[in-house]
2 protein chains.
Amino acid sequence: MTNTSDLSRLMSIAAVERDCGLPKDTLRVWERRYGFPNPLRDRHDERLYPAEQVATLRLLRRLVEAGHRPGKVVGRSDEELSVLLRQVGVPARQIIGAEARQVLKLLGAYDAAGLREVLNALLMRAGLGAFAAEIGPGLAEAVGAAWSRGEIEIHQEHLFTEQFTTVLRSAINAAQGAGLPRRRPRVLFSTFPQEPHALGLLMAEAMFTLEGCLGISLGVQTPIPEIAAAARAHEADILALSFSSMIPALQAIAGLTELRALVPETVEIWAGGACPGLRPKAGFLVFRELSAIAPAVGDWRSRAAVARSS
Amino acid sequence: MTNTSDLSRLMSIAAVERDCGLPKDTLRVWERRYGFPNPLRDRHDERLYPAEQVATLRLLRRLVEAGHRPGKVVGRSDEELSVLLRQVGVPARQIIGAEARQVLKLLGAYDAAGLREVLNALLMRAGLGAFAAEIGPGLAEAVGAAWSRGEIEIHQEHLFTEQFTTVLRSAINAAQGAGLPRRRPRVLFSTFPQEPHALGLLMAEAMFTLEGCLGISLGVQTPIPEIAAAARAHEADILALSFSSMIPALQAIAGLTELRALVPETVEIWAGGACPGLRPKAGFLVFRELSAIAPAVGDWRSRAAVARSS
DNA sequence: GAGGCGTATTTGTCCAGGACAAATTGACGG
DNA sequence: CCGTCAATTTGTCCTGGACAAATACGCCTC
């Protein structure tokens with residue numbers, strides 16, 4: 001007989017917030033309004049979430065992000081939620097289907113070395129540009145979807161991220177070392193404090209590197225005033241910010257607006273990533289596709305040349 | 001005349017949490033207990049923090065992180081806080097004093113390319129082993145201390161981390177590709193969910209790689225049951241966990257004990273990092289120095305050989 | 001039927017003030 | 001000098017109420 005609330009599988013509200021990306025206040029108010037989640041309590045009345053409920057919360061987060069209203073979906077069974085999810089996440093990039101299947105197969109076999117080889121082979125075949133702009137996002141999406149369908153475990157997603165990062169970073173290094181002399185624009189890369197994902201940032205860095213830009217990465221999770229300070233210090237021309245669905249679109253826009261006010265008008269702000277509701281606004285550009293970076297750098301250089309000659 | 005509460009320089013509690021890294025609950029309870037911060041209120045009684053108070057909060061966070069008690073420092077003037085800040089962080093490793101000064105100078109000049117060159121030169125001069133085991137920790141400590149003293153900004157610390165990671169990861173790749181054939185032990189690397197720092201993990205990976213081990217990294221912040229699942233799936237011989245002072249020693253020990261119960265006795269658990277109170281216990285080893293890894297791998301192989309022949 | 005606009009509903013975030021566990025300090029004895 | 005236990009400090013969690021911002025809905029016009 002299986003104990004449904006196995007002690008080792010209970011999580012505190014802080015752990016659930018970390019794990020699911022749902023703020024504590026939201027977890028509590030959902031419980032109050034919709035009756036779910038319905039955590040156990042320890043002797044001091046603190047919430048203890050069973051692993052099954054945490055899994056359901058992850059599904060809910062994806063659905064809400066995709067546009068469903070919490071009032072309509074919170075409280076439904078996992079089966080119903082899965083049905084809804086399947087209707088939402090129609091895989092957009094069928095092109096890389098074969099590669100994705102191969103990667104998922106290797107992840108299923110826990111074959112780290114094989115995975116690295118395949119990624120390197122893909123890089124060689126497609127070139128750095130297509131690898132970062134097309135294959136990378138496609139594979140990341142496929143792996144994320146497989147995880148949300150329960151086909152792979154978190155540690156397998158971690159493994160993929162780690163191997164992909166390694167391969168891509170090596171390629172960027174190689175491209176920086178050899179090849180074109182580096183010239184402007186000078187681009188500063190980072191993410192906002194709520195955004196811990198480095199993959200999107202790295203893929204963007206690859207695209208800029210291919211265009212011969214001067215790139216400086218601050219890594220992930222830099223406070224906004226610090227990004228502004230770094231922009232001034234490094235005399236950056238462009239701030240490149242990467243977003244995933246980890247961060248609500250509104251917070252992203254608020255952050256970008258705050259950042260806009262902190263740096264001179266001459267510094268451009270380019271935002272990109274898989275953040276559904278992120279729309280361009282006065283003061284910053286939004287890139288839906290990594291492939292749009294290359295022409296945009298060309299445009300920037302034309303503008304810069306005009307400005308210089310005038 | 002300067003308006004001390006200029007409207008454009010007021011921040012909501014959520015914004016302060018993001019920028020200072022102090023949770024909302026902590027901001028409220030400091031206000032209640034110590035009378036600081038002392039934010040204005042909008043018409044709906046929501047806190048609005050003036051920029052000056054936010055700056056002071058940043059100083060306070062540094063001091064608290066360096067070991068000062070909030071009750072002793074919250075409420076003091078900026079001048080007093082600055083004096084205290086200058087006293088923290090006496091560099092322990094004087095050996096790498098010259099290198100650290102050079103790195104800090106480059107950070108001060110925002111010279112990313114120069115920094116990369118210096119790190120590469122250090123790597124070549126010292127070799128991967130000494131670079132990862134001695135120079136890396138020494139530089140990281142010096143940079144962290146400089147931040148505590150307010151000599152550099154967070155974005156400069158990020159820049160250092162990013163450049164160091166790049167250099168070290170390239171070196172690990174090179175060492176893996178060429179050189180010895182890989183053989184056991186098979187080592188799985190990760191950190192606990194509360195631990196986002198990747199540098200220690202990477203330095204450990206370098207040490208194991210030099211010994212010719214089969215290394216698999218899951219990256220940072222893997223849930224404990226997932227680490228256990230990955231250990232079984234990959235048939236790992238050793239789980240290598242990295243800790244910083246980010247994580248309280250007791251939580252680390254609790255996590256290690258939990259992990260111990262989830263994996264077979266034959267899998268060893270090796271913990272390391274700059275976590276002050278972390279003591280070895282039955283079931284796992286604790287490494288104070290990265291240089292202790294090499295001999296420990298040798299011991300493991302001897303033990304494995306004995307076990308096999310018996 | 002498509003599109004703009006004002007109103008109703010939903011939803012996330014904030015507040016206060018109390019409580020207590022976890023972490024740290026300090027006192028005490030070996 | 002070091003380990004153990006009690007006192008204190010500190011961070012996190014709790015409840016339940018409130019409301020603004022976001023979203024959906026009804027209505028009107030073209």
Side-chain angles (χ1 to χ4, degrees), chain A residues 10-18 20-37 39-49 57 60-61 63-75 194 247-254 257 276-279, chain B residues 10-18 20-49 57 60-61 63-75 194 245-255 275-279:
Chain A
L10 294 173
M11 293 166 72
S12 72
I13 194 169
V16 176
E17 176 183 42
R18 242 200 333 270
C20 302
L22 292 165
K24 298 194 220 343
D25 273 326
T26 300
L27 290 169
R28 294 199 194 97
V29 88
W30 280 10
E31 180 180 342
R32 199 197 311 170
R33 289 188 182 140
Y34 315 120
F36 185 91
L40 309 175
R41 300 295 180 120
D42 69 5
R43 92 191 107 85
H44 184 49
D45 244 22
E46 304 198 340
R47 291 170 174 79
L48 290 175
Y49 295 83
L57 285 168
L60 286 170
R61 166 133 206 271
L63 282 172
V64 168
E65 213 149 76
H68 283 86
R69 308 298 309 258
K72 307 281 179 194
V73 291
V74 177
Q194 308 96 309
I247 194 169
L250 267 156
Q251 277 188 41
I253 291 170
T257 307
L278 188 58
R279 298 253 177 293
Chain B
L10 294 174
M11 294 166 69
S12 72
I13 194 169
V16 176
E17 175 182 42
R18 274 202 305 274
C20 301
L22 293 165
K24 298 194 232 311
D25 273 326
T26 300
L27 290 169
R28 293 200 194 97
V29 88
W30 280 10
E31 181 181 341
R32 198 197 312 169
R33 288 188 183 141
Y34 315 121
F36 186 90
N38 184 16
L40 309 175
R41 299 298 179 119
D42 69 6
R43 91 190 108 86
H44 184 49
D45 242 23
E46 303 197 342
R47 290 169 174 81
L48 289 175
Y49 294 84
L57 285 169
L60 285 169
R61 186 174 112 95
L63 282 171
V64 169
E65 204 148 279
H68 283 85
R69 309 298 309 262
K72 308 280 180 194
V73 291
V74 177
Q194 306 99 308
S245 53
M246 191 85 205
I247 195 168
L250 268 157
Q251 277 186 40
I253 291 169
C275 188
L278 188 59
R279 299 254 178 290

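Not measured: the values here are computed from a predicted model. All values below come from the heavy atoms of this structure, side chains included, with hydrogens, waters and symmetry mates left out. Proteins get letters first, then strands, A, B, ... in listed order; numbering begins at 1 in each.
Summarising the geometry, the separation between CG on A:L27 and C1' on D:dT15 is reported as 16 Å, rounded to the nearest angstrom. If you measure from atom NZ of A:K72 to atom C1' of C:dT10, you get 9 Å, rounded to the nearest angstrom. Remark: P of C:dT10 and NE2 of A:H68 are 17 Å apart, rounded to the nearest angstrom.
Contact between the side-chain N/O atoms of A:T26 and the OP1/OP2 oxygens of C:dT13 is found at a separation under 4.0 Å. For A:Y34, a side-chain nitrogen or oxygen approaches OP1 or OP2 of C:dT11 to under 4.0 Å.
Every pair passing salt bridge (Lys or Arg N to Asp or Glu O under 4.0 Å) that includes a residue from residues 33-46 of chain B is listed here, sequence neighbours excluded: B:E31-B:R41.
Here the CZ-CG distance, from A:F36 to A:L27, works out to 10.0 Å after rounding to the nearest 0.5 Å. Taking CZ of A:R47 as the reference point, atom NZ of A:K24 lies at 11.5 Å (rounded to 0.5 Å). To the nearest 0.5 Å, atoms NZ (A:K72) and CG (A:L63) are separated by 14.5 Å. Atoms CG and CD, on A:D25 and A:E17 in that order, are 9.0 Å from each other to the nearest 0.5 Å.
A:V73 places a side-chain heavy atom less than 4.5 Å from the side chain of A:L60.
When the C1' atoms of four end pairs are superposed on the next four at each end of the helix from C:dG1-D:dC30 to C:dG30-D:dC1, using five pairs per end, the two resulting axes differ in direction by 30°, to 10°.
The side-chain contact (heavy atoms from CB on, under 4.5 Å) search around B:A254 returns none, not counting sequence neighbours. Considering only residues two or more places apart in sequence or on other chains, B:R28 meets the side-chain hydrogen bond (donor to acceptor under 3.5 Å, both in side chains) condition with none of them.
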Which protein N or O atoms sit under 3.5 Å from an N or O of nucleotides 6-8 of chain C?
none

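The two residues B:P39 and B:L48 come nearest to each other via the heavy atoms CB-O, 3.4 Å. The shortest heavy-atom contact between A:P70 and A:Y34 is CB-OH, 4.1 Å. Between A:W30 and A:P37, the shortest heavy-atom distance links the atoms CB-CD, 4.2 Å.
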Per-nt protein contacts along nucleotides 15-26 of chain C (heavy atom under 4.0 Å; B base, S backbone sugar-phosphate only, - none) come out as SSBBBSS-SSS-
